[in-house]
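Contents: one structure, followed by commentary.
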Amino acid sequence: MKTNQLNLTFSSIPENVSITRLLIASVGAQLDLPLNDIEELKVAVSEAVSNAIIHGYKNNPSHIVYLDLNITGDSLKIVVKDEGCGITDIDQAMQPAFSTDPERMGLGFVFMQSFMDELQVDSTLEVGTTVTMIKHLKQTPIVSH
Amino acid sequence: MKLGKKIERLTLLLRLDGELDMNTASIVRQAIDVEIEKRGIRTVILNLQDVRFVDSSGLGVIIGRYKKLLPLGGNIKITNVPPHIYKIMELSGLPKIISFYVDEAHAYEEGRGA
Ligand SMILES: Nc1ncnc2c1ncn2[C@@H]1O[C@H](COP(=O)(O)OP(=O)(O)OP(=O)(O)O)[C@@H](O)[C@H]1O
Ligand SMILES: [Mg+2]
C-alpha cells in the first residue's frame, strides 16, 4: 500500500466539521475500506474535530484546528489538534457519559474508542489538546500469477 | 439540513434531511423547542429516513428534547431509521429510552388510544 500524507488546517467553525468528514471518507474509499468502516471513521473524526471547536475553543470561530492524516503500509493515523484550553483530567474526560457540558452526553470519546483501534489523548492546560487515532489496515495479499 | 414540518393537534412531525452534527443540531433543537413553547406540542415524531450522518451532537439534541418533553407528559418517537444510523444510536443506548417505529403511521397509531 502506498504511503500518503494529508494535512488540513481550518478555522474553528461548525461548517468545517462536515468537510473533515468528506476528507476522511475519500481517503477511506481510496483505501478500499468497507462502507461500514468509512462510516465509523467519519464519526470518529467528527467527534474529535467537534470537541476541538466546542470544548478546546469554546465555540470561538477565530481559531485554527489541525487535521493530519498519515497512511503507512498497515495503518491510518488521524491526528486532530487544537491550541485551546486543554483538558484538566484526561482520564475523567474519557469516561463514558462524562461531560463538562450538562447539555451533552459525553459520548464523543466513547465513539472514538469503539471505532478506532488505538486512541491517545495528550493535553496541556492553556496549551491545547492532541487526539491521535489509529486504524489498522488489513494488508492486501500480493497476487502472484 | 432541510426540515419538513407537519403539525396535527399536539403532535409535531419533523422530517430531517441531511447530516445531524454540531452544525445542524441547533436547527433541529430550535425547530422543536419553538413548537413545544408556542403551541404546546407534546409528541414529537422524528422521521430520520433522509439522515445520512449522525454523531454525538446529533444524538444529544434528540435526548435533550426527550428530557424536555418528559416532565411535560410528552414523548418523542423516531421512525424510518437507516441501518447505519441505527447502529450508532444503539451504541449510545438511545433505543433503551426512546421508541422506534418502522414508519410514521405506526408512530401516530401508538398512543392514540388504539
Ligand atoms: N479538545 C478538547 N479540549 C478541551 N476539552 C475537551 C476536548 N475534548 C474533550 N474535552 C473534554 O472532555 C469531555 C468529554 O468529551 P466527549 O466528547 O466524550 O463528550 P462531550 O463532548 O462532552 O459530549 P458529546 O461528545 O456526547 O457531545 C468534554 O465534556 C470536555 O470537557
Ligand atoms: Mg464530544
Side-chain angles (χ1 to χ4, degrees), chain A residues 10-25 28 33-59 61 65 80 93-94 96-116, chain B residues 1-3 16-34 36-37 44 46 48-71 76 78 81-98:
Chain A
F10 56 94
S11 299
S12 51
I13 59 171
E15 289 84 349
N16 282 339
V17 184
S18 65
I19 295 177
T20 64
R21 289 197 299 267
L22 280 175
L23 180 64
I24 195 67
L33 296 180
L35 278 181
N36 183 57
D37 287 17
I38 294 178
E39 284 307 321
E40 294 185 351
L41 285 174
K42 279 166 67 180
V43 175
V45 167
S46 203
E47 295 300 344
V49 171
S50 298
N51 278 352
I53 298 174
I54 297 166
H55 304 296
Y57 293 135
K58 310 204 181 315
N59 291 303
V65 182
V80 176
M94 291 177 78
F98 176 84
S99 180
T100 42
D101 178 345
E103 292 274 298
R104 299 195 162 269
M105 295 200 294
L107 283 173
F109 281 126
V110 175
F111 291 157
M112 289 183 248
Q113 194 108 53
S114 357
F115 295 151
M116 301 297 297
Chain B
M1 167 70 65
K2 274 189 285 179
L3 296 182
L16 311 190
D17 181 348
E19 301 191 310
L20 189 49
D21 66 359
M22 68 168 285
N23 189 33
T24 57
S26 53
I27 302 170
V28 176
R29 184 195 308 114
Q30 271 171 30
I32 297 174
D33 287 2
V34 106
I36 295 176
E37 278 141 36
V44 175
L46 286 182
L48 303 187
Q49 177 152 295
D50 297 316
V51 171
R52 289 178 292 276
F53 176 85
V54 69
D55 64 12
S56 68
S57 297
L59 295 172
V61 113
I62 296 175
I63 303 243
R65 295 326 93 203
Y66 166 81
K67 285 186 187 159
K68 191 177 176 122
L69 284 162
L70 208 59
I76 186 158
I78 296 179
V81 187
H84 71 281
I85 301 288
Y86 187 77
K87 274 179 74 177
I88 183 159
M89 293 186 146
E90 209 171 20
L91 195 57
S92 76
L94 197 77
K96 287 194 204 114
I97 55 169
I98 293 177

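These figures come from a predicted structure and were not determined experimentally. Per chain, numbering begins at 1; letters A, B, ... match sequence-line order.
Using a 4.5 Å cut-off between heavy atoms, A:Ser99 makes no contact with chain B at all. Contact of A:Ile53 with chain B is made through the side chain alone, with heavy-atom distances under 4.5 Å. Neither the backbone nor the side chain of A:Asn16 comes within contact range of chain B; no heavy atom of the residue lies under 4.5 Å from a heavy atom of that chain. For A:Asn51, no part lies near chain B; criterion is any non-hydrogen pair under 4.5 Å.
Shown here is A:Leu22, whose CG atom has more than 12 heavy atoms of other residues, nucleotides or ligands within 6.0 Å. For CD of A:Glu103, the number of neighbouring non-hydrogen atoms (other residues, nucleotides, ligands) closer than 6.0 Å is 12 at most.
Between the CD1 atom of B:Ile88 and the CZ atom of A:Phe115 there is a distance of 4.5 Å, given to the nearest 0.5 Å. Between atom CD of residue B:Glu19 and atom OG of residue A:Ser46 there is a gap of 8.0 Å, rounded to the nearest 0.5 Å. Here the CD1 atom belonging to B:Ile63 is positioned 7.5 Å from the CG atom belonging to A:Leu107, to the nearest 0.5 angstrom.
When side chains are defined from C-beta on, A:Pro14 does not count as touching B:Thr24, because their heavy atoms never get closer than 4.5 Å.
Closest approach of A:Val43 to B:Val54, counting heavy atoms only: CG2-O, 4.0 Å. When all heavy atoms of A:Val17 and B:Met22 are compared, the closest pair comes out as CG2-SD, 3.8 Å. Minimum heavy-atom separation, A:Glu39 to B:Arg52: OE1-O, 4.2 Å.
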With side-chain contact (heavy atoms from CB on, under 4.5 Å) as the test, would you mind laying out the steps for B:Lys87 and A:Asn36 before giving the verdict? CA-CA 10 Å; B:Lys87 274 179 74 177; A:Asn36 183 57; 2.8 Å; yes
Let me see the working for B:Asp55 and A:Ser50 under side-chain contact (heavy atoms from CB on, under 4.5 Å), right down to the final yes or no. CA-CA 10 Å; B:Asp55 64 12; A:Ser50 298; 4.1 Å; yes
Does the pair A:Ser18 and B:Phe53 meet the rule for a side-chain contact (heavy atoms from CB on, under 4.5 Å), with working shown? CA-CA 10 Å; A:Ser18 65; B:Phe53 176 85; over 6 Å; no
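A donor-acceptor distance shorter than 3.5 angstrom exists from the side chain of A:Glu47 to the backbone of B:Ser56, with no hydrogens or angles considered.
Looking only at heavy-atom pairs under 4.5 Å with chain B, the residue among A:Arg104, A:Met105, A:Arg21 that has the most is A:Arg21.
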